[in-house]
S.K.: 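Quick one: structure below, then a few questions.
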Amino acid sequence: EGDEMETPSLEEGGEIRRLGKRFRKLDLDGSGSLRVDDFMSLPELQQNPLVRRIIDIFDTDGNGEIDFIEFIRGVSQFSVRGNQQQKLNFAFRVYDVDKDGFISNGELFQVLKAMVGSNLQDAALQQAVDKTILGADRDGDGRISFHEFCTIVGELDFTKKMVVDV
């Protein structure tokens with residue numbers, strides 16, 4: 001999957017400059033990289049239960065921080081120019097916590113639990129997870145592959161909703 005590491009072609013230097021300004025605004029301590037606390041300084045992200053998963057995905061070198069290149073690569077997936085395949089890939093990686101290329105029952109439970117918090121009892125959530133895995137798992141291996149994920153999500157046409165104006 002070499003294509004996911006590619007730096008997006010943001011044709012206009014203006015867009016890079018705008019993202020640079022955004023990045024510097026987030027970089028509270030001026031360190032040149034973003035940490036969880038920097039993201040949590042944004043009121044709209046403080047309430048987002050998936051912010052840590054998103055940061056983890058942006059952080060491609062796994063050092064716990066997001067440098068400017070990682071920031072541009074990550075954000076480009078949500079731009080209007082981001083293609084459907086990039087958006088599906090990103091959404092899949094939100095659930096694929098251990099990065100093994102599959103969404104297991106436990107991973108789906110973990111991410112959904114973060115999203116619903118205590119609004120749903122664990123037993124009810126587990127039932128929903130089991131039902132989702134059962135419905136999506138076309139090859140019967142007990143987990144959801146990227147292809148199986150795309151099949152389900154493709155029917156929902158949700159990638160159009162995954163556009164963020166940055």
S.K.: NZ of Lys113 to CG of Asp122: how many Å apart, nearest 0.5 Å?
M.R.: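 Between Lys113 NZ and Asp122 CG, I get 4.0 Å after rounding to 0.5 Å.
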S.K.: Can you get from Val97 to Met115 by hopping between Ile, Leu, Val, Met, Phe, Trp and Tyr side chains that sit under 4.5 Å apart?
M.R.: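 The answer is yes; both residues are in one hydrophobic cluster.
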S.K.: Report yes or no: does Glu148 contribute a side-chain atom to a donor-acceptor pair with the main-chain N or O of Asp137 at less than 3.5 Å?
M.R.: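 Such a contact is absent between Glu148 side chain and Asp137 backbone.
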S.K.: Mark yes or no for whether Asp37, through its side chain, and Ser41, through its backbone, hold a donor-acceptor pair below 3.5 Å.
M.R.: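 Looks like no, no N/O pair under 3.5 Å.
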S.K.: Taking all non-hydrogen atoms of both residues, which atom of Ala114 and which atom of Pro49 are closest, and how far apart?
M.R.: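 So the two residues come closest at O-CB, 3.0 Å.
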S.K.: Should Leu42 and Ile57 be counted in the same cluster of Ile, Leu, Val, Met, Phe, Trp and Tyr side chains packed under 4.5 Å apart?
M.R.: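 In one cluster with Leu42: Ile57, yes.
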S.K.: Could you walk me through whether Leu26 and Phe71 pass the side-chain contact (heavy atoms from CB on, under 4.5 Å) test, one step at a time?
M.R.: CA-CA 11 Å; Leu26 280 171; Phe71 181 73; 4.0 Å; yes
S.K.: Is the shortest distance from a Lys or Arg side-chain nitrogen in Asp56 or Arg93 to a carboxylate oxygen in the other one below 4.0 Å?
M.R.: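 Salt bridge flag = no for Arg93 with Asp56.
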S.K.: Does a side-chain heavy-atom distance below 4.5 Å link Glu70 with Asp67?
M.R.: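 The answer is yes; the side chains approach within 4.5 Å.
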S.K.: To the nearest 0.5 Å, how far apart are CZ in Phe146 and OG1 in Thr151?
M.R.: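 Reported to 0.5 Å precision, the distance equals 10.0 Å.
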S.K.: Under 4.5 Å between side-chain heavy atoms, counting indirect links through other Ile/Leu/Val/Met/Phe/Trp/Tyr residues: same cluster for Ile133 and Phe102 or not?
M.R.: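 Shared cluster, no.
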S.K.: Which atom pair, heavy atoms only, marks the closest approach of Phe68 to Ile16?
M.R.: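 Heavy-atom minimum between the residues: CZ-O, 3.9 Å.
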S.K.: Return yes if some donor-acceptor pair links the side-chain N/O of Ser31 with the main-chain N/O of Asp27 below 3.5 Å, else return no.
M.R.: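 Flag not set: sc Ser31 to bb Asp27 has no pair under 3.5 Å.
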S.K.: Supply the atom-to-atom distance Asp141 CG to Ser104 OG, rounded to the nearest 0.5 angstrom.
M.R.: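 Between Asp141 CG and Ser104 OG, I get 11.0 Å after rounding to 0.5 Å.
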S.K.: Please say yes or no: joined through hydrophobic side-chain contacts below 4.5 Å, possibly via intermediate residues, are Leu134 and Leu108 part of one cluster?
M.R.: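 As far as the 4.5 Å side-chain criterion goes, Leu108 and Leu134 are not connected within one cluster.
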S.K.: Pick one: which of Gln110, Arg143, Gln126 meets side-chain hydrogen bond (donor to acceptor under 3.5 Å, both in side chains) with Asn105?
M.R.: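 Of the listed options, the one satisfying the test is Gln126.
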S.K.: Can you tell me how far CG of Leu120 sits from CG of Leu112, rounded to the nearest 0.5 angstrom?
M.R.: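 With rounding to 0.5 Å, CG (Leu112) is 9.5 Å from CG (Leu120).
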S.K.: Let me confirm one number: the CG-NZ distance from Asp38 to Lys25, rounded to the nearest 0.5 Å.
M.R.: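 The NZ atom of Lys25 is 14.0 Å from CG of Asp38, to the nearest 0.5 Å.
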S.K.: What is the distance from atom CD1 of Ile144 to atom OG1 of Thr132, rounded to the nearest 0.5 Å?
M.R.: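 The distance works out to 7.0 Å.
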S.K.: Given 3.5 Å as the limit, does a donor-acceptor pair link the side chain of Asp59 with the main chain of Gly64, or not?
M.R.: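 Between the backbone of Gly64 and the side chain of Asp59 there is a qualifying donor-acceptor contact (under 3.5 Å).
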S.K.: Do Met40 and Leu34 sit in one hydrophobic cluster, given that two such residues count as connected whenever their side-chain heavy atoms are within less than 4.5 Å of each other, even indirectly?
M.R.: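 Same hydrophobic cluster.
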S.K.: Can you tell me how the ring of Tyr95 sits relative to the ring of Phe149, calling it parallel under 30°, perpendicular over 60° and tilted otherwise?
M.R.: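 Taking Phe149 first and then Tyr95, their aromatic rings sit tilted (interplane angle of 30° to 60°).
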S.K.: Looking at Asp96 and Gly101, would you say the former's side chain and the latter's main chain have a donor-acceptor pair under 3.5 Å?
M.R.: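 Checked: pair present.
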S.K.: Would you mind reporting whether Val75 and Arg22 have side-chain heavy atoms less than 4.5 Å apart?
M.R.: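 No; the side chains remain at least 4.5 Å from each other.
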